[in-house]
Student: 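The structure follows.
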Amino acid sequence: MQYSLFTHGTALEIETPDALAGSIKVGWGTQILFRAPVAENVEGLPVFPEVGPGSWFHMALPSTLTTFGRRNPRLESVTLLFESRHCRILHVHVYDGVDILQEFNNLKLAGSFLRKRNSEDINPEASSPNRQEFSNTLPLEKSHRVFSAIGISFYACAFFEDFNEGGRAHDPHFHGPFPESILTISAAGGQFDVEDDIFARVVSVVEGLVGRSREP
């Protein structure tokens, strides 16, 4: 049996808030504002670093180890529901308690995924012809039997190219502000699989046979 567990974005924890331009919790999640990359003067010309200041962020998933069966569930994938404007999610790390399960690095995830989930996450029987549309779902290379609780950590920041619309940053006559860099996190979750409980299936079959034997 497959099921999902999600945590709402208002539960987001920020590791280094001082590195950000600001953050706010709203009804639909947490909004994060990133600082723009700062130019260095190189031979009289502004030179911008590729990556601006960022932070790690953390989301903890609810733990239900034996709710649906006698064996612990297996984690199959994780999903971030987010929207990015002039910023990207660079790394996503998945933990079971203190143990790191998998690192997804150098992803540069960007786009609008507040209402997008792979249909296979919700319905295992569904077949999605365009999996690339669901880059916010990250399948583990190997499913993991959960020991304690799943944590999702991700690093996000603004890139210079996200701000440099139309090459304005290289224009010596451009002195206006860069566009705002905002990341909205509405939820984070995981997709789990629970192995069928053989004992429960046997009981179900026996009960069915007993019920039939009592029929007139």
Side-chain angles (χ1 to χ4, degrees), residues 6-42 45-61 77-96 98-117 132 134-140 150-170 174-190:
F6 273 75
T7 295
H8 196 267
T10 51
L12 181 78
E13 294 289 339
I14 302 172
E15 186 168 307
T16 52
D18 291 343
L20 305 175
S23 66
I24 183 173
K25 292 185 185 292
V26 290
W28 60 87
T30 300
Q31 288 190 318
I32 303 136
L33 282 73
F34 295 102
R35 302 181 189 275
V38 178
E40 298 179 2
N41 192 306
V42 179
L45 296 175
V47 176
F48 289 86
E50 178 187 5
V51 181
S55 175
W56 281 95
F57 304 90
H58 310 286
M59 297 277 285
L61 301 187
S77 63
V78 296
T79 297
L80 293 175
L81 300 184
F82 72 94
E83 181 179 69
S84 64
R85 285 192 285 165
H86 305 102
C87 58
R88 313 179 196 185
I89 295 175
L90 192 57
H91 311 302
V92 179
H93 294 178
V94 184
Y95 290 84
D96 182 349
V98 73
D99 296 320
I100 181 75
L101 303 184
Q102 188 165 337
E103 298 181 4
F104 300 90
N105 294 320
N106 301 312
L107 298 172
K108 297 184 179 180
L109 293 176
S112 180
F113 296 95
L114 293 176
R115 297 178 179 86
K116 290 184 180 179
R117 284 183 60 188
Q132 68 273 14
F134 304 98
S135 55
N136 59 323
T137 290
L138 304 171
L140 272 63
I150 299 300
I152 301 173
S153 297
F154 61 93
Y155 184 87
C157 60
F159 277 64
F160 168 64
E161 289 303 326
D162 297 330
F163 288 93
N164 189 28
E165 292 181 331
R168 289 182 299 172
H170 296 298
F174 174 71
H175 300 290
F178 284 120
E180 281 191 317
S181 172
I182 302 176
L183 177 66
T184 301
I185 302 294
S186 65

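Counting begins at 1 with the first residue of the sequence.
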Student: Are any of the side-chain heavy atoms of L90 and K108 separated by less than 4.5 Å?
Tutor: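 SC-SC contact between L90 and K108 confirmed.
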Student: Tell me if a side-chain donor or acceptor on S77 pairs with a main-chain N or O of L138 at a distance below 3.5 Å.
Tutor: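 Side chain of S77 to backbone of L138: no pair is present.
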Student: How long is the span from the CZ atom in F113 to the CZ atom in F134, to the nearest 0.5 Å?
Tutor: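 That separation rounds to 9.0 Å.
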Student: Stepwise, does the side-chain contact (heavy atoms from CB on, under 4.5 Å) test hold for T79 with F6?
Tutor: CA-CA 9 Å; T79 297; F6 273 75; 4.0 Å; yes
Student: Within a strict 4.5 Å, meaning less than it, do heavy atoms of the L109 and S84 side chains meet?
Tutor: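 Not touching, per the 4.5 Å side-chain cut-off.
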Student: Could you please spell out the steps behind the side chain to side chain donor-acceptor pair (under 3.5 Å) verdict for E180 and H86?
Tutor: CA-CA 7 Å; E180 281 191 317; H86 305 102; over 6 Å; no
Student: Using modelled atom types and a 3.5 Å cut-off, is there a donor and acceptor pairing between side-chain atoms of S186 and backbone atoms of L81?
Tutor: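 Here the side-chain-to-backbone pair exists.
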Student: Could you check whether atom CD of E13 has more than 12 heavy atoms from other residues, nucleotides or ligands sitting under 6.0 Å from it?
Tutor: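 Open.
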Student: Sub-3.5 Å donor-acceptor pair from the side chain of N136 to the main-chain atoms of L80, do we have one?
Tutor: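 Looks like yes, one N/O pair under 3.5 Å.
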Student: State, to 0.1 Å, how close L61 and A188 come at their nearest heavy-atom pair, and which atoms those are.
Tutor: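 Where L61 meets A188 most closely, the heavy atoms are CD2-O, 3.4 Å.
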Student: How far apart are the closest heavy atoms of G54 and C157, and which atoms are they?
Tutor: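 Smallest heavy-atom distance, with atoms named: CA-CB, 3.7 Å.
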Student: Between the side chain of T16 and the main-chain N/O of S55, is any donor-acceptor distance below 3.5 Å?
Tutor: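 Not a single qualifying donor-acceptor pair exists.
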Student: Students often mix this up, so state it plainly: with edges at 30° and 60°, are the rings of H91 and W56 parallel, tilted or perpendicular?
Tutor: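 H91 and W56: parallel rings.
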Student: Show your working on side-chain contact (heavy atoms from CB on, under 4.5 Å) between S112 and F82 and close with a plain yes or no.
Tutor: CA-CA 6 Å; S112 180; F82 72 94; over 6 Å; no
Student: Can you find a side-chain donor-acceptor pair between H93 and S153 that sits under 3.5 Å?
Tutor: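 No.
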Student: Please report the C-alpha distance between F154 and L183 in whole Å, then the side-chain angles of each, then the deciding distance to 0.1 Å, and finally whether the side-chain contact (heavy atoms from CB on, under 4.5 Å) criterion is met.
Tutor: CA-CA 12 Å; F154 61 93; L183 177 66; 4.1 Å; yes
Student: If you look at every heavy atom in R88 and A110, which pair is closest and at what distance?
Tutor: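 Closest pair (atom of R88, atom of A110, distance): CG-CB, 4.2 Å.
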Student: Show the nearest heavy-atom pair for residues C87 and F34, with the distance to one decimal.
Tutor: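 Shortest heavy-atom contact: CB-CD1, 3.7 Å.
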Student: Can you give me the closest heavy-atom contact between A60 and T7, atom names plus distance?
Tutor: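 Shortest heavy-atom contact: O-OG1, 2.6 Å.
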Student: Kindly give the heavy-atom pair with the smallest separation between A11 and M59, and that separation in Å.
Tutor: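 Shortest heavy-atom contact: C-SD, 4.1 Å.
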Student: Distance-only criterion, 3.5 Å: show the donor-acceptor pairs between side-chain atoms of residues 19-33 and protein atoms not counting sequence neighbours.
Tutor:
unit_1	atom_1	unit_2	atom_2	d
K25	NZ	T10	O	2.9
K25	NZ	L12	O	2.9
T30	OG1	G9	O	2.7
Q31	NE2	T184	OG1	3.3

